[in-house]
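This report refers to the structure that appears directly beneath it.
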Number of protein chains: 2
Amino acid sequence: MRSSTRVTIKDIAEKAGVSKTTVSFAFNEPSKLSSATCERVLAMAAQLGYVPDPVARTLTTRRTGSVGILLCQPVEEALRNPYLGEILQGIGSSCAGQGLSLLLVPPFHGQVMEAARRAAVDALVAIGVGPDHQVVDLMQRRQIPLVTIDGCPGEGLSNVGVDDEAAAYELLEYVLGFGHSRLAIVELEPEVYSDGSGQTSAVARRRMAGFSRALGEAGLAVDAMRTFRVDCSLSGGMAAADKVLAGTGCTAILAMADILAMGIYVRCSEAGIRIPVDLSVAAFDGIQLSRILQPGLTTISQPGFEKGSEAGRVILSLLDGGPVRQVLMPTTLQVRASVGQVPD
Amino acid sequence: MRSSTRVTIKDIAEKAGVSKTTVSFAFNEPSKLSSATCERVLAMAAQLGYVPDPVARTLTTRRTGSVGILLCQPVEEALRNPYLGEILQGIGSSCAGQGLSLLLVPPFHGQVMEAARRAAVDALVAIGVGPDHQVVDLMQRRQIPLVTIDGCPGEGLSNVGVDDEAAAYELLEYVLGFGHSRLAIVELEPEVYSDGSGQTSAVARRRMAGFSRALGEAGLAVDAMRTFRVDCSLSGGMAAADKVLAGTGCTAILAMADILAMGIYVRCSEAGIRIPVDLSVAAFDGIQLSRILQPGLTTISQPGFEKGSEAGRVILSLLDGGPVRQVLMPTTLQVRASVGQVPD
DNA sequence: GACTCCAGGTAAATCGGTTTACTAATTTTG
DNA sequence: CAAAATTAGTAAACCGATTTACCTGGAGTC
């Protein structure tokens, strides 16, 4: 019965005996039409089961109704870190009022830049990219507002971040206060995607700088820290614990993300290692779920949700012609029970 | 220096002294052009900083390069349940190979249907909607493949789900085996969005049916169960615990999601209530993160990731002209330590 | 030398809407 | 009552690509 081909505005116009313009007006500017005509058109549209094509509409209005989140890893890997979830929630909460959807943009066949080129979005949020990243120039050419989260405060680029160096310093200073002198740092595998930016993330570098400063002030050499790289997930944390516990002699672990710490807890529990008696654990993020850990996890609490919602607000402002904005959000050292004295 | 207006294929054609067709060919069908022309065009495009407009391309190719995930709640609320994250990871893992992005589509100003109308996607995944939901008809009209997850196995609609009734029966039967006769069921607040489907979810109804059957076979009346409704999040679980612990006399809690159980654990720990000695807890989902709970959570393990990846595969097949498919995935009762004997 | 092929390229149609500029009929205004 | 303004509607341009159908000149064939 129903035509196998899509119902377009043209079909309605013909069947209702009016022009395409009139049909368009019936939906978008009913005031320009007599109510009789308007109703007739609308009735015909309903009868034919018409649904406006969002893509065609976008072409002229220049609004896709979605905000992109550029990921440097496949969705599968990126979402293993609940911290990303919190950021997404924040972005979503700001964008909801404007009817915007969130487009998760993973690398296109391994290419982050290609993904950024093809993304049909009104604005883009990129996590952890600096002002010299190619995507910055690309989005400028595409004339699409870009906001980075945890990028670098650079020229003419909006960013929402925290003082990573200071936070790392604060955390390590606290840990060193317990007498630890052999530390394990659990870092994230740098996402190596073929866009030339497969370097250690800017965040990690800033944190390492903070660590070094704290070490120096405590009179310790840099080799008091050993670095272990794993992917950012529960099982990554477990793998890290295995490595550290394999006779490294480290008495404290500092993990770059709470989810890693959670993995470490799991392994320690299985191995009968008591936190913080046998091993001290500290981390970064302060995600909601870290509340379920026993003993409580000492962590640098970053406002993930708020970072996201602030980035969302910056985006809305940018879309509205507002100026570039750099936002620095506070972190706090959440002291709980996972860090203790060096075991004998 | 650079023109303030977008660089289009037309600009390149003019500056390179060729037709638009040639420019298009240079990018998409280089074999149809002499290599000299092709290089000249490409060079001009690079010089002008040309980026093809994804929307315009989509209009003719009829491919957006994204798969929609229809949410019945704001992103902020939906992502509070890590189970959704696992499903997304699964969908993402299947779609990654095809270069597809994931569009999270929350209700548009409270309207789920309006959001579904406006979504520019190649295919849609809807979680928890039945074959009679309006979105099914809509997507048919839009000629966009639809797959439901945890919907109902219905006529001509692809679905990936599990046997919720049997799973619920199995779980409650196990719990009743410990002698419990006063049960608290922690349910999800039905998402009331103005599209007429603000009912208790189909999943919840099927599980309740399974519960009733188990109760009946154990010779208990239906009023042995008390139902509490909260939103699906850690704090929702905490709120549920507060309600249940406020003198209801319930000795076991069955939560509709692991994340709720996690909230319950937090509250119990704070209140000094021992699981499973003072209170038994069981749940549904079997998310990765439930591994960190102490004591281990007894739960109906559903393959969240696999559900997602299977849904993704069905979508790819559908996009390829494949047939409607209904997939039933297995669940297993994960017996761990959170359910015990009724306290005296 | 007439005929077919083919490589290389183009003009115009198309995708499905929105928007601009214009017309004709009616109403208001001075 | 003529001029101006408003109402209701339309044709055509436009958004920025892809795609179809066609053209042209030269090589290959018989």
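Sequence lines set the chain letters: A, B, ... in the order given, protein chains first and strands last, and positions in each chain run from 1.
The stretch residues 27-63 of chain A participates, sequence neighbours left out, in these ring-ring contact (aromatic ring centres under 6.0 Å, His included) pairs: Phe27(A)-Tyr50(A).
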*Can Glu86(B) and Arg80(A) be said to form a salt bridge (Lys or Arg N to Asp or Glu O under 4.0 Å), step by step?*
CA-CA 8 Å; Glu86(B) 295 194 357; Arg80(A) 286 209 268 254; over 6 Å; no
*Go along nucleotides 10-21 of chain D 5' to 3' and tag each nucleotide: B for a protein heavy atom under 4.0 Å from its base, S when only backbone or sugar atoms are that close, - otherwise.*
BBB--BBBBBB-
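The salt bridge (Lys or Arg N to Asp or Glu O under 4.0 Å) test with Asp53(B) singles out one residue from Arg118(A), Arg117(A), Arg62(A), and that residue is Arg62(A). Of the candidates Leu316(B), Leu100(B), Val67(B), Leu100(B) is the only one forming a side chain to side chain contact (heavy atoms under 4.5 Å, CB included) with Asp122(B).
Contact annotation: Thr37(B) side-chain N/O to dG9(C) OP1/OP2 distance is under 4.0 Å.
Note: CD (Glu14(B)) to C1' (dT10(C)) measures 15 Å, nearest angstrom.
The shortest non-hydrogen separation linking Cys152(B) to Ala202(B) is SG-CB, 4.0 Å.
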